[in-house]
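Below, read A as the first sequence line, B as the second, and so on, with proteins coming before strands; counting in each chain starts at 1.
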Number of protein chains: 2
Amino acid sequence: MSASDKEIREGLMEAMGRITSFWGFSKIMGQLYGLLYLSSNPLTLDEMADSLSISKGNVSINVRALERWNMVKTVWVKGDRKDYYEAETDFWKIVKGVLREREKKEFDLALNSVSNLLKKSAEAQKANKTAETAFAIERLKKLEDFIQTMDKLAGVLMTLEDLKRNFLGLAKKK
Amino acid sequence: MSASDKEIREGLMEAMGRITSFWGFSKIMGQLYGLLYLSSNPLTLDEMADSLSISKGNVSINVRALERWNMVKTVWVKGDRKDYYEAETDFWKIVKGVLREREKKEFDLALNSVSNLLKKSAEAQKANKTAETAFAIERLKKLEDFIQTMDKLAGVLMTLEDLKRNFLGLAKKK
DNA sequence: TCCTATGTTTAGAAAGTTCTAAACGTTCGC
DNA sequence: GCGAACGTTTAGAACTTTCTAAACATAGGA
């Protein structure tokens with residue numbers, strides 16, 4: 001690996017660190033992913049720990065997290081007891097998975113909370129009609145409607161293969 | 001305000017706290033927003049500090065952050081020196097703004113980094129052809145393409161008014 | 001059955017974030 | 001101008017997160 005390759009690798013590690021950090025993953029997850037992404041051969045825990053100058057325990061935990069999000073795959077190298085890892089390079093697959101497991105769940109939770117509050121408000125109003133309660137109901141309905149729409153939107157985004165075409169079509173038209 | 005109204009208000013504050021926290025804002029921003037969203041009249045710093053049992057300084061900082069993201073508006077009450085605040089209730093406007101200022105910027109940054117790395121790789125290859133460099137170029141190109149698509153997608157999402165219609169149409173069709 | 005090479009867990013250190021109380025600066029009524 | 005009523009800033013406390021080094025567990029080869 002030439003000096004310049006090293007520079008490039010480090011540049012990507014830094015960029016990926018920033019990205020994952022921004023999206024609520026750990027920075028080290030990004031750096032590990034960047035490292036693996038530019039590696040033409042799978043790497044071991046020790047190699048990664050060495051490359052990033054962090055402890056093996058830290059690598060272990062973060063690589064497992066990356067695996068959990070399907071951003072990294074384990075590779076078996078015959079005749080070697082070590083575990084080897086390589087990057088999942090299908091970004092659409094990754095995005096789809098994250099969207100499903102994380103954002104979708106969060107929308108559902110929010111929707112649930114608000115719907116429950118609405119139910120409570122309706123009951124409160126039945127027992128005792130006040131302007132305050134009427135106001136709350138109105139606002140909560142609006143919020144519920146919004147979250148429902150966002151939820152549907154997330155659902156649509158999960159069919160990303162199609163979207164790659166559709167969206168770009170839309171974008172050009174503008 | 002009845003006992004139940006208080007319950008509802010607190011429920012929404014909790015839910016909003018979770019949501020904003022998930023999306024990378026502070027939890028208190030969410031709680032403040034929830035409080036204002038269910039308030040039929042604008043509130044002052046002290047009222048908010050009191051409702052959330054947090055210091056006025058903390059409210060000051062977080063309300064300013066909410067203002068920065070256009071989630072809260074200042075209201076002038078004639079004859080009162082205090083500042084009053086109320087929630088922006090147009091969620092689409094909020095989302096659009098956040099998307100533009102935050103996610104879009106992050107995509108642009110990522111795109112920039114990767115493009116730069118690609119340029120560097122190309123130069124490295126000119127000077128010294130290696131399999132490693134060729135591999136890096138290939139992967140970086142793929143990544144650049146992906147980020148570009150995501151970037152365009154974010155651009156499309158910013159025309160959310162239209163999307164509310166288009167998307168839901170798509171979603172139903174499925 | 002040991003011993004060694006390996007991945008995982010953990011306890012506490014280090015770093016980072018967020019909160020409060022108090023000091024500060026500003027504005028307005030007098 | 002002076003004092004009171006504000007909003008803002010800040011220094012440090014409290015809390016949270018992340019990291020490391022070391023202990024631990026496991027599995028394979030001798």
Could you tell me whether the phosphate oxygens of D/dT8, OP1 or OP2, come under 4.0 Å of any side-chain nitrogen or oxygen in B/S60? yes
Rounded to the nearest Å, what distance is computed from the NZ atom of residue A/K27 to the P atom of nucleotide C/dT17? 10 Å
Would you kindly give the CD1-to-P distance between A/I61 and D/dA21, to the nearest whole Å? 14 Å
NZ or CZ of B/R102 within 45° of B/F25 ring axis and under 6.0 Å: yes
Using OP1 and OP2 only, check whether a side-chain N or O of B/R64 sits under 4.0 Å from D/dG7. no
Could a donor-acceptor pair under 3.5 angstrom be found where the side chain of B/K82 meets the base of D/dG7? no
In whole angstrom, what separates B/W76's CH2 from C/dC28's C1'? 12 Å
Check every strand shown and say whether B/S53 touches a base, only sugar-phosphate, or nothing at a heavy-atom separation below 4.0 Å. sugar-phosphate
With respect to the phosphate group of D/dT26, does any side-chain polar atom (N or O) of A/R81 fall under 4.0 Å of OP1 or OP2? no
Go through the steps to decide whether A/F135 and B/Y37 satisfy the test ring-ring contact (aromatic ring centres under 6.0 Å, His included), and finish with yes or no. CA-CA 10 Å; A/F135 180 81; B/Y37 187 71; 8.1 Å; no
d(CG, A/L66; P, C/dT8) in whole Å: 13 Å
Quick one: B/Y84 OH to D/dG7 C1', roughly how many Å, whole number? 14 Å
Measure CG/A/N58 against P/D/dC19 and give the value in whole Å, please. 5 Å
Spacing of A/M16 atom CE and A/L38 atom CG [to the nearest 0.5 Å]: 9.5 Å
Nearest-Å distance for atom pair CG/C1', residues B/D46 and D/dG7: 9 Å
What is the distance from NZ of A/K56 to P of C/dG7, rounded to the nearest Å? 6 Å
For a side chain to side chain contact (heavy atoms under 4.5 Å, CB included) with A/S26, tell me which candidate from A/N58, A/N62, A/L66 qualifies. A/N62
